Amino acid sequence: MTVVTVFRWLLGLIFLSAALNGWAVILGWGAFLPTSPAAEAFLGNGYLLVLVKGTELVSALLLLINRFVPFALVVLAPLVVNIFCFHWFVDPGMLPLAVFLSLLWGHLFWSYRQYFLPLVTEKTVLPAQKKASKSKPSMGQE
């Protein structure tokens, strides 16, 4: 088992437990894991909690079954940044977990970086644009 596999499993399990904990709150059963009171106040019980916990659940499952991992990492990126910043500025009590989560995500992002390189292409040409430029002669080629 490689380090990437262990980190993928850890990140998936952390997000799965957080998602299930959130869904327990959404369904009215109460949280079964300790949570940040400030985060509970921020997320409330409305659509934001459902959106965040739904996103965490789907992404965690993708990480755990090793399918669409780069997609899951992209989807989790804003959540990881928000979790880190929230605990840095608002609720530092759980900052060590936020740092650990950020390091896991960062290592996985780096490990899968070849899948993200096309996203940082400076100038792109769509396939339809390539066809149009080939069919229309440029100046001086007539």
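The model shown is predicted, which means the values in this text are computed figures rather than measured ones. Along the sequence shown, the residues carry numbers beginning at 1.
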Between CG on residue Leu64 and CG on residue Leu10, distance to nearest 0.5 Å: 10.0 Å
Closest non-hydrogen atom pair between Ala60 and Leu16, with its separation: CB-N, 3.5 Å
Pairwise distance CD1(Ile26) to CG(Leu20) - rounded to 0.5 angstrom: 10.5 Å
Nearest-0.5 Å distance that lies between atom CH2 in Trp9 and atom CG in Leu104: 14.5 Å
Residues forming a side-chain hydrogen bond (donor to acceptor under 3.5 Å, both in side chains) with Thr121, sequence neighbours excluded: none
Check: Asn21 side chain, Leu33 main-chain N or O, donor-acceptor pair, under 3.5 Å: yes
In one Ile/Leu/Val/Met/Phe/Trp/Tyr side-chain cluster, 4.5 Å: Val6, Val80: yes
Minimum side-chain heavy-atom gap Leu101-Trp105 below 4.5 Å: no
Connected via hydrophobic side-chain network under 4.5 Å: Val75 and Val81: no
Same apolar cluster (I L V M F W Y, side chains within < 4.5 Å links), Ile14/Met1: yes
Minimum heavy-atom distance between Phe32 and Ser17, given as atom pair plus value: CZ-O, 4.2 Å
Min side-chain heavy-atom separation Trp88-Val99 under 4.5 Å: no
Aromatic plane relationship, Tyr112 with Tyr115 - under 30° parallel, 30 to 60° tilted, over 60° perpendicular: tilted
For the student: nearest non-hydrogen atoms of Pro92 and Pro96, plus distance: O-CD, 4.2 Å
Validation row: Phe15, Leu57 side chains within 4.5 angstrom (heavy atoms): no
Between CZ on residue Arg67 and CG on residue Leu61, distance to nearest 0.5 Å: 13.0 Å
Side chain Ser59, main chain Glu56, donor-acceptor under 3.5 Å: no
ILVMFWY network linking Val3 to Leu73, side-chain heavy atoms under 4.5 angstrom: yes
Heavy atoms of other groups near Phe86 CZ, more than 12 under 6.0 Å: yes
Heavy-atom side-chain contact between Phe7 and Val4 under 4.5 Å: no
Mutual orientation of the aromatic rings belonging to Phe116 and Phe109 [parallel < 30°, tilted 30-60°, perpendicular > 60°]: parallel
For the student: nearest non-hydrogen atoms of Lys53 and Ala19, plus distance: O-CB, 3.6 Å
Nearest-0.5 Å distance that lies between atom CG in Leu11 and atom CZ in Phe100: 9.0 Å
Within one Ile-Leu-Val-Met-Phe-Trp-Tyr cluster: Leu13 and Ile83, side-chain cutoff 4.5 Å: yes
Evaluation steps, side-chain contact (heavy atoms from CB on, under 4.5 Å), between Leu63 and Val69: CA-CA 6 Å; Leu63 289 172; Val69 173; 3.9 Å; yes
With sequence neighbours excluded, residues passing side-chain hydrogen bond (donor to acceptor under 3.5 Å, both in side chains) with Asn82: none
Interatomic spacing from CZ in Phe84 to CG in Leu97 - rounded to 0.5 Å: 12.0 Å
Nearest heavy-atom neighbours spanning Arg8 and Leu108: CA-CD1, 3.7 Å
